[in-house]
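The block underneath contains the structure these notes are about, expressed in C-alpha cells.
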Amino acid sequence: MSRILILTNSSGGLYDFRNEFVKALAQKDQVFISVPDDVKTKELLDEGCQIIKTDINRRGINPIEDLKLCRTYRNMIKELQPDMVVTYTIKPNIYGGFCAGRMKIPYIATITGLGGAFDRTGVLLQLIIRMYRAGMKKAACIFFQNEENREIFRNFRILGKKDKLVMGSGVNLERHTFEPYQKRDETHFLFVGRVMKERGILEYLSAAEKLHSEKVFFDILGYCDEDYQEMLDEHERKGVIRQLGFHTEVHPYLKDADAVVIASFHEGMSNALIEAAATGRAVIASDISGCREAFADGVTGFQFTPGKADELIQAMSKFLSLSYEERVRMGEAARKKMETEFDRKLVTKAYMDEVDRILAR
C-alpha cells in the first residue's frame, strides 16, 4: 500500500469535483489530505482519508505567509515520506511541487486555471514564471484543463516531465442527473460562482438591471469574495436580483434555473458550466478557454465576450426569445455533450493511469 499526499486549498472543491479520484486512490493506497478548512473533511474522513489541517491564504501575496506555507509542506513531506504527492490549485502546485521535487518525491500537478497571472508584465510576470518553473520542473505529470493554459506554460517554458490534457474535473452524471425543463410563463437566470469582478458579477448585475421584470428573474448562487455585498444588497432591495447564498449542493438550484450564466474572465474548466449542462440546462457563457470547450454556441447555449455587458444582454435576450420547445432541445443537446465528452469516469481513469505508471504497478 502506497502513501499518497494530496495538497489543495479547499476540501469542498476536492470533494465536489475530484472525489471519484480520491476514492479510487483510497481503495489502493493510504491517502493523506492537506486542506485549510472543514467544509467536507467529515465526508473525506468517512472514506478512509486522513486530514491534515493546513492554513492557506488562497489569494494573499504576503511573502512571509507563503514562506511559512512552503516550510509547512516541506516538514509535512519529510514526516509522512509519501510515495507520491498530488497537488491542486496555485499555491499547492508551486510550493508543494517545489518541496516534493527537492525531496525527490514524485508528484503530479493540476492547473485548474491561471486567472490573470500571465496577463501581468515586467518584473511581476518574470517572478510568476520563475515560481511556476520551480514548482513544475520535476513534476512527473502536469494535468491541464484546457489547451490555452497548456500553450501558455509551453511558451514560457514551464515544463514538467510530461503533460496531459483532460476535460476539467469532468462531471458526475449520476449526481447531476438530467432534469426536464419546467413549462412555465417565466424565466430564471442563475449566476453560479464566487461573487467577484473576474467572475463577471458587474456585467451580470448590468444585465439584471436591464432585463429583469415580473417574468424574468436573476439569481446569484455563491458567496461574496470581494467588496460587493453592499451593492448586492441594494440590487436585492430594488427587486433586481435574489441572493441564494453559498450551498455545497448546487443541483436543486440548477434544476430550478432556465439558463445558467458563466461570465468569467478566466477559467481552467468551468465546473458550474458542465454541471449545468449535465442537468440539461442551457448556458450563457464567456467565449474563453475553459468555457468554449464545453458548449456549442447556438446549440447548447449562447456565448458573449467577457467584460462586455451589452453582449451578455444580447445573449440573454436571444435565450428569452426561444420557445419552450427550443429550450428543451438546447438542454437535451447540453446533456448529450456531457455524456459523450465530460463524464468524470474518463477523467478519473486518466489520473489513475498516471498514478499506476509512476508507482510502477
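For reference, positions follow the sequence shown, starting with 1.
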Side chains of [X] and [Y]: do they bring a donor and an acceptor to under 3.5 Å?
X      : Y      : answer
His235 : Glu209 : yes
Gln229 : Asp233 : yes
Asn19  : Glu47  : yes

May I ask you to test the [X]-[Y] pair for a side-chain heavy-atom distance under 4.5 Å?
X      : Y      : value
Leu14  : Lys40  : no
Ile4   : Leu359 : yes
Lys28  : Met352 : yes
Leu320 : Phe189 : yes
Glu275 : Phe17  : yes
Lys318 : Ile284 : no
Leu124 : Thr121 : no
Lys53  : Asp38  : yes

Locate the shortest heavy-atom distance separating [X] from [Y]; write the atom from each residue and the value.
X      : Y      : value
Phe265 : Lys197 : CZ-O, 3.8 Å
Phe153 : Met136 : CE2-CG, 4.0 Å
Tyr73  : Ser34  : CE2-OG, 3.9 Å
Ala272 : Val192 : CB-CG1, 3.7 Å

Does the pair [X]/[Y] count as a salt bridge with the N-to-O cut at 4.0 Å?
X      : Y      : answer
Asp297 : Arg292 : no
Glu267 : Arg199 : yes
Arg329 : Glu332 : no
Arg184 : Asp258 : yes
Arg357 : Asp353 : no

**Message:** Around atom NZ of Lys162, are there more than 12 heavy atoms from other residues, nucleotides or ligands closer than 6.0 Å?
**Reply:** yes
**Within 6.0 Å of CG in Asn155, more than 12 heavy atoms from elsewhere** = yes
**Request:** Show your reasoning for whether salt bridge (Lys or Arg N to Asp or Glu O under 4.0 Å) applies to Glu151 and Arg154.
**Result:** CA-CA 5 Å; Glu151 285 304 308; Arg154 288 177 175 178; 3.6 Å; yes
**Asked** Which one of Phe191, Phe304, Tyr228 satisfies the ring-ring contact (aromatic ring centres under 6.0 Å, His included) criterion with Tyr204?
**Response** Phe191
Nearest-0.5 Å distance, [atom1] of residue [X] to [atom2] of residue [Y]:
X      : Y      : atom1 : atom2 : value
Tyr107 : Thr87  : OH    : OG1   : 7.5 Å
Glu341 : Glu293 : CD    : CD    : 10.0 Å
Cys224 : Met196 : SG    : CE    : 10.0 Å
Tyr351 : Thr110 : OH    : OG1   : 2.5 Å
Lys138 : Arg102 : NZ    : CZ    : 7.5 Å
Phe143 : Ile111 : CZ    : CD1   : 11.5 Å

Under 3.5 Å donor-acceptor, [X] side chain and [Y] backbone:
X      : Y      : result
Asp37  : Ser11  : yes
Asp287 : Thr305 : no
Ser286 : Ser264 : yes
Ser2   : Asp29  : no

**Request:** Can you spot which of His188, His251, Arg281, Gln182 makes a side-chain hydrogen bond (donor to acceptor under 3.5 Å, both in side chains) with Asp256?
**Result:** Gln182
Just list the side-chain donor-acceptor pairs under 3.5 Å for residues 165-172, sequence neighbours left out, or say none.
| from | atom 1 | to | atom 2 | distance (Å) |
| --- | --- | --- | --- | --- |
| Asn172 | OD1 | Glu174 | N | 3.0 |
| Asn172 | OD1 | Arg175 | N | 2.8 |
| Asn172 | ND2 | Glu20 | OE2 | 2.6 |

**Prompt:** In this structure, which one of Asn9, Leu7, Ile6 forms a side-chain contact (heavy atoms from CB on, under 4.5 Å) with Tyr88?
**Reply:** Ile6
In one Ile/Leu/Val/Met/Phe/Trp/Tyr side-chain cluster, 4.5 Å: [X], [Y]:
X      : Y      : answer
Tyr15  : Val31  : yes
Leu5   : Val86  : no
Tyr181 : Val260 : no
Leu312 : Val216 : yes
Ile52  : Ile33  : no

Enumerate donor-acceptor pairs with a distance under 3.5 Å from any side-chain N or O in residues 77-85 to protein atoms, sequence neighbours excluded.
| from | atom 1 | to | atom 2 | distance (Å) |
| --- | --- | --- | --- | --- |
| Gln81 | NE2 | Lys78 | O | 3.0 |
| Asp83 | OD2 | Arg3 | N | 2.7 |

Residues 127-135 side chain polar contacts: donor-acceptor under 3.5 Å, at least two apart:
| from | atom 1 | to | atom 2 | distance (Å) |
| --- | --- | --- | --- | --- |
| Arg133 | NE | Phe156 | O | 3.1 |
| Arg133 | NE | Arg157 | O | 3.4 |
| Arg133 | NH2 | Phe156 | O | 2.7 |

**Request:** Any chance you could lay out the salt bridge (Lys or Arg N to Asp or Glu O under 4.0 Å) test for Arg237 and Glu234, step after step, and finish with the verdict?
**Result:** CA-CA 5 Å; Arg237 279 194 293 271; Glu234 179 63 22; 2.7 Å; yes
